[in-house]
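To start, the structure under review is shown below, and the notes come after it.
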Protein chains: 4
Amino acid sequence: MSINACYCSTMPNSHLHIDAKRDVKAAIFDAACRVIRGRGFHQARVTDIAREAGISYGLVYHYFGSKADLFDAIFNEWWSGLFGLMEELEAQTISPREKLAAILDHFLDEYEARPELVHIFVTEISRSTPNLTPERLEFFKEFFRRAERIITQGQQEGVLRKDMKARYLTYIFVGAMEGFLSAMVLANQPLKGKSQKRNIASALLDVFFNGAGLMRG
Amino acid sequence: MSINACYCSTMPNSHLHIDAKRDVKAAIFDAACRVIRGRGFHQARVTDIAREAGISYGLVYHYFGSKADLFDAIFNEWWSGLFGLMEELEAQTISPREKLAAILDHFLDEYEARPELVHIFVTEISRSTPNLTPERLEFFKEFFRRAERIITQGQQEGVLRKDMKARYLTYIFVGAMEGFLSAMVLANQPLKGKSQKRNIASALLDVFFNGAGLMRG
Amino acid sequence: MSINACYCSTMPNSHLHIDAKRDVKAAIFDAACRVIRGRGFHQARVTDIAREAGISYGLVYHYFGSKADLFDAIFNEWWSGLFGLMEELEAQTISPREKLAAILDHFLDEYEARPELVHIFVTEISRSTPNLTPERLEFFKEFFRRAERIITQGQQEGVLRKDMKARYLTYIFVGAMEGFLSAMVLANQPLKGKSQKRNIASALLDVFFNGAGLMRG
Amino acid sequence: MSINACYCSTMPNSHLHIDAKRDVKAAIFDAACRVIRGRGFHQARVTDIAREAGISYGLVYHYFGSKADLFDAIFNEWWSGLFGLMEELEAQTISPREKLAAILDHFLDEYEARPELVHIFVTEISRSTPNLTPERLEFFKEFFRRAERIITQGQQEGVLRKDMKARYLTYIFVGAMEGFLSAMVLANQPLKGKSQKRNIASALLDVFFNGAGLMRG
DNA sequence: GATGAATGAGTGTTCATTCAT
DNA sequence: AATGAATGAACACTCATTCAT
């Protein structure tokens, strides 16, 4: 599975309408993120994206073969970032807790830097039935497989409970992380500042490892 | 906010005489659930729903004013079930843990009994941008408010940590529950049997209260 | 090869706009013939066809799945008529000259009765590169094969010269017939009355069998 | 009617110094012939032609004002060749049969030397409704007028039957010639070698003058 | 001369909704 | 109640043409 494709950089870019030629593609990409965030992929019209990007209708098709290709670009942008990190983590010799923390940080950093991308991940990539073709679903399964490997490592190293299936622990950790983010996305709560990110990350990790209860059951 | 509207129950009809009208409506409702589960709301065509229900095209409009009304019916079916339970829980004098367990059981029971409905909740109700009008979003906020009330109660009763915002704990618990379910839904894993449900429910509760770690931090 | 499909009757129909329900398809078919005759298949817009038929845009798609299907219907209408005749002829024990005469009459009768259909045959079916998919080309080859069988029969019965390939004689006869018609079509000359048809048919047959020259070479 | 316009000859350039401009134009012309042969004029995209010619997109518009101009160039290339011959023939004092033979040879020679051009004549020039504007149709009528003059001459000189309209005989001869070629074009049969050309030409002339029948009617 | 990015009008197709029967 | 023919607005995509460089 080719997971590293990165169609298009979305570097911060405050002058969208006076981009040099080479950045038009990025401008379209960013505009697409904003429009799709607001209306969902299927309701996003190519007209809207072109207008948002400040370019003509046909130019979208000059840079992206189709509306679906635009979605694929966003899709790949998300996954390539996440899998890039996870590959790095696998090569490192850090504790499972640090690995989970790194993944958590990645989600939160992305949400701060590119809220549209995370919004789209949460609403269009992660859950939308018509968007989730079997091929795309594979990315998810791969994500869960890799996360489960970390959890299993934790069980083997004696830092995570062995009386629960690694699969369940994975669902719980990933679900909590993604569900937490999703709640913020839906409530339209932006994420700003290091301290807020640190709070959320440590809350999630703390509860996952130590529990939210005061008395051990 | 009128939260108890129930367009169309699929429970066995309690009026003992045959109520054909209600049966046809229920058949359409069920067919809609199946079709929307498979294709997503916006990709589901009225034609498909009618064919799936075994009735004619126009009859859908006889029982449901529009495609959007059909979605509202599903939407309300889900929320009325959940809010019905939560209202009951608020009236009872049981521990927060038991309340969270009851909510968890509700999600799992529904997933076992009506997987389409939960699938639609996870993909179309809970996340789909174009479906989430401000009005519908209110149901979500209400759900979180009520869940947070239980969490807060737990903090006040000394069973949940007070060093974390109730809001965060709520996001973590609800996120984990919904994220767990979502992972099952996407992996197309059915839920069958009491023991599996008990395992999942106790895993989620256990980790939430006691943590997944073996050593206290 | 299924050659007998006949999508749609084009019985003469002078009240196009007040047809009974079952004739709407025929009205669209006829309108399509007129529009395609005038502008060619690729330049014919579905809008034009709908307006010409006096019905709404979408109804075209209710009766024909696509613009291409409309063309297929016309295509099949032409070939089913021609192959229907040729199958009859093959079953009969008449002379090759009579068979060729019957084919000739068929072309001329069709041109008189349904000039649009013949116009489309001449311009869109018989010659248009983009319309002539390999599959459609098969119909042509089949037509030539059957015509050649008649020519070969003539050679065997001693009424046609054997010093020329049957293939060449076939090309000459069919080419002359189709080319003659094509010249009339392009010159926009209608064909009216039995005597004109008889003149043309006998001229073609006479020249083919006896030559146009006064002195034998 | 200006019938001799020749946008772009592909004959080897007679100006001995290198005329790059003319070469590029000829390359575009030839590429257009190949592409239009394969896809038809309306389906041929300027992109395809540029790529086939190995030059950039915009350069096509540097040499030809528009796609329609390109077609006009091909159109004129065909007709100027044919009318050039026919003008020569009119000036000569040869028999009608020799004149018809010369025209026939011209068609066959062209088909051998430039099959694309003849293919386009047969499919796009000679029959395509949307291409045949009234102005372009005039070329056809002129061609038939000139052919008919030869036929009439033949009738007056006593070598062709007078019991048939010259118009009909013209349609038959031209139709047979064009229809024969068309059958070869559609069957994708190339024409190679003098003997094959001689066979076809003599077959057509022989049948036209003497008939294909063995017994005089 | 040469390039190819940029434009936008045009068109096939879909599908929710209406309504006569 | 039940049917499905009829409507037409909406939208993705194509591609000839222009023009700044």
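The sequence lines fix the lettering, A, B, ..., with proteins before strands; numbering per chain opens at 1.
- Using bins of under 30°, 30° to 60° and over 60° for the plane-to-plane angle, the ring pair F75(A)/F139(A) lands in the perpendicular bin.
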Dot-bracket encoding of pairs in DNA chain E, which uses [ ] for pseudoknotted crossings and | for another strand, Watson-Crick or G-U under 3.5 angstrom: .||||||||||||||||||||
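- The nearest whole Å value for the distance from the CZ atom in F41(A) to the P atom in dC11(F) is 14 Å.
- Counting to the nearest Å, the P atom of dC15(E) and the NE2 atom of H42(A) are 10 Å from each other.
- Rounded to whole angstrom, the span from the NZ atom of K25(A) across to the P atom of dA6(E) amounts to 13 Å.
- When rounded to the nearest whole Å, the span between CZ of R39(C) and P of dG12(E) equals 10 Å.
- Relative ring orientation between F121(A) and W78(A) is described as parallel, the plane-to-plane angle staying below 30° on a 0-90° scale split at 30° and 60°.
- Taking the salt bridge (Lys or Arg N to Asp or Glu O under 4.0 Å) definition, one finds that R34(D) meets it with E52(D), sequence neighbours left out.
- When each of K67(B) and H62(D) is assigned the nucleotide of DNA chain E with its nearest heavy atom, H62(D) is the one assigned upstream, toward the 5' end.
- Under a 3.5 Å cut-off, the side chain of Q43(D) and the backbone N or O of P130(C) do not form any donor-acceptor pair.
- Taking atom CG of residue D23(A) and atom P of nucleotide dA5(E), one finds them 14 Å apart after rounding to whole Å.
- Each of S66(C) and A68(B) lies near DNA chain E, and the nucleotide nearest S66(C) is the one positioned closer to the 5' end.
- A donor-acceptor pair under 3.5 Å is absent between the side-chain atoms of N131(A) and the main chain of I125(A), judged by distance alone.
- Scanning for ring-ring contact (aromatic ring centres under 6.0 Å, His included) contacts around Y61(B) gives an empty result, with sequence neighbours left out.
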Short heteroatom pairs, N/O only, protein and nucleotides 19-21 of chain F, under 3.5 Å:
none

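- Between the CZ atom in R114(C) and the SG atom in C33(C) there is a gap of 8.0 Å [rounded to 0.5 Å].
- Using a 4.5 Å cut-off on side-chain heavy atoms (C-beta onward), S128(C) and R127(D) make no contact.
- The distance between atom CG of L70(A) and atom P of dC11(F), rounded to the nearest whole Å, is 17 Å.
- Separating the CZ atom of F64(C) from the C1' atom of dG12(E) is a distance of 16 Å, rounded to the nearest angstrom.
- By the side-chain hydrogen bond (donor to acceptor under 3.5 Å, both in side chains) test, D48(C) is found to be paired with R45(C), residues two or more places apart in sequence or in another chain being considered.
- Each of V60(B) and G65(A) was matched to the nucleotide of DNA chain F holding its nearest heavy atom; the match closer to the 5' end belongs to V60(B).
- The stretch residues 44-57 of chain D touches DNA chain E through S56(D), Y57(D), each having a heavy atom within less than 4.0 Å of the strand.
- We find that CG of L59(C) is positioned 16 Å from C1' of dG12(E), with the value rounded to whole Å.
- Side-chain atoms of K67(D) come within 3.5 Å of backbone N or O of A44(D) as a donor-acceptor pair.
- Taking 4.5 Å as the limit, some side-chain heavy atom of L117(C) sits within range of a side-chain heavy atom of E77(C).
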